[in-house]
Trainee: 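Next up is a structure, given as structure tokens.
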Amino acid sequence: PGSATVAVLGLAQQPLLLPGAQSCLLLPRPDLVVVVGQSGFDLPIPAAARPLTLHVQGVVLISAALLTTRAFRVQAN
């Protein structure tokens, strides 16, 4: 079958070596995990919660293996 992708979002960094994965380091603290579809996803952030900094990274499950994408820091103003 195909692959599944999730976005891991955190308010801080908390490096974690993923179990069963070779050299896959997850950088954001996993405060929110969102399944990502073909068109991505929207995350509405209320004005009262801004400014907000999120650490974001993708995790892809392919054939029972975990792969991580590059990590990013996103600022919502």
Side-chain angles (χ1 to χ4, degrees):
S3 63
T5 304
V6 296
V8 179
L9 298 93
L11 296 173
Q13 290 186 358
Q14 181 180 340
L16 172 67
L17 188 60
L18 294 178
Q22 295 181 353
S23 304
C24 284
L25 184 64
L26 183 66
L27 290 177
R29 182 177 69 200
D31 295 322
L32 177 64
V33 177
V34 179
V35 176
V36 179
Q38 291 289 342
S39 60
F41 68 97
D42 292 323
L43 181 65
I45 299 173
R50 299 179 201 154
L52 178 68
T53 301
L54 290 172
H55 301 271
V56 183
Q57 188 172 13
V59 178
V60 183
L61 174 62
I62 300 176
S63 302
L66 294 174
L67 303 172
T68 55
T69 65
R70 293 176 57 190
F72 297 92
R73 186 178 70 209
V74 179
Q75 179 75 36
N77 292 313

Trainee: How far apart are the C-alpha atoms of Leu25 and Leu27, what are their side-chain angles, what is the distance that settles it, and do they pass the side-chain contact (heavy atoms from CB on, under 4.5 Å) test?
Mentor: CA-CA 6 Å; Leu25 184 64; Leu27 290 177; 3.8 Å; yes

Trainee: Do Leu26 and Val6 share a hydrophobic cluster, counting only Ile, Leu, Val, Met, Phe, Trp and Tyr and linking them when any side-chain heavy atoms are less than 4.5 Å apart?
Mentor: yes

Trainee: Taking only distance into account, with no hydrogens and no angle test, what donor-acceptor pairs under 3.5 Å do side-chain atoms of residues 65-77 form with protein atoms, sequence neighbours excluded?
Mentor:
from: Thr69; atom 1: OG1; to: Gly58; atom 2: N; distance (Å): 2.8
from: Thr69; atom 1: OG1; to: Gly58; atom 2: O; distance (Å): 3.4
from: Gln75; atom 1: OE1; to: Thr53; atom 2: OG1; distance (Å): 2.6

Trainee: Which residue pairs pass the side-chain hydrogen bond (donor to acceptor under 3.5 Å, both in side chains) test when at least one of the two sits in residues 4-15, sequence neighbours left out?
Mentor: none

Trainee: If you compare all heavy atoms of Pro28 against all heavy atoms of Gly10, which two are closest, and at what distance to 0.1 Å?
Mentor: CB-N, 4.0 Å

Trainee: Identify each donor-acceptor pair in which a side-chain atom of residues 29-46 lies under 3.5 Å from a protein atom, sequence neighbours left out, and give them as a table.
Mentor:
from: Arg29; atom 1: NE; to: Asp31; atom 2: OD1; distance (Å): 2.8
from: Arg29; atom 1: NE; to: Asp31; atom 2: OD2; distance (Å): 3.1
from: Arg29; atom 1: NH2; to: Asp31; atom 2: OD2; distance (Å): 3.0
from: Asp31; atom 1: OD2; to: Leu11; atom 2: N; distance (Å): 2.8

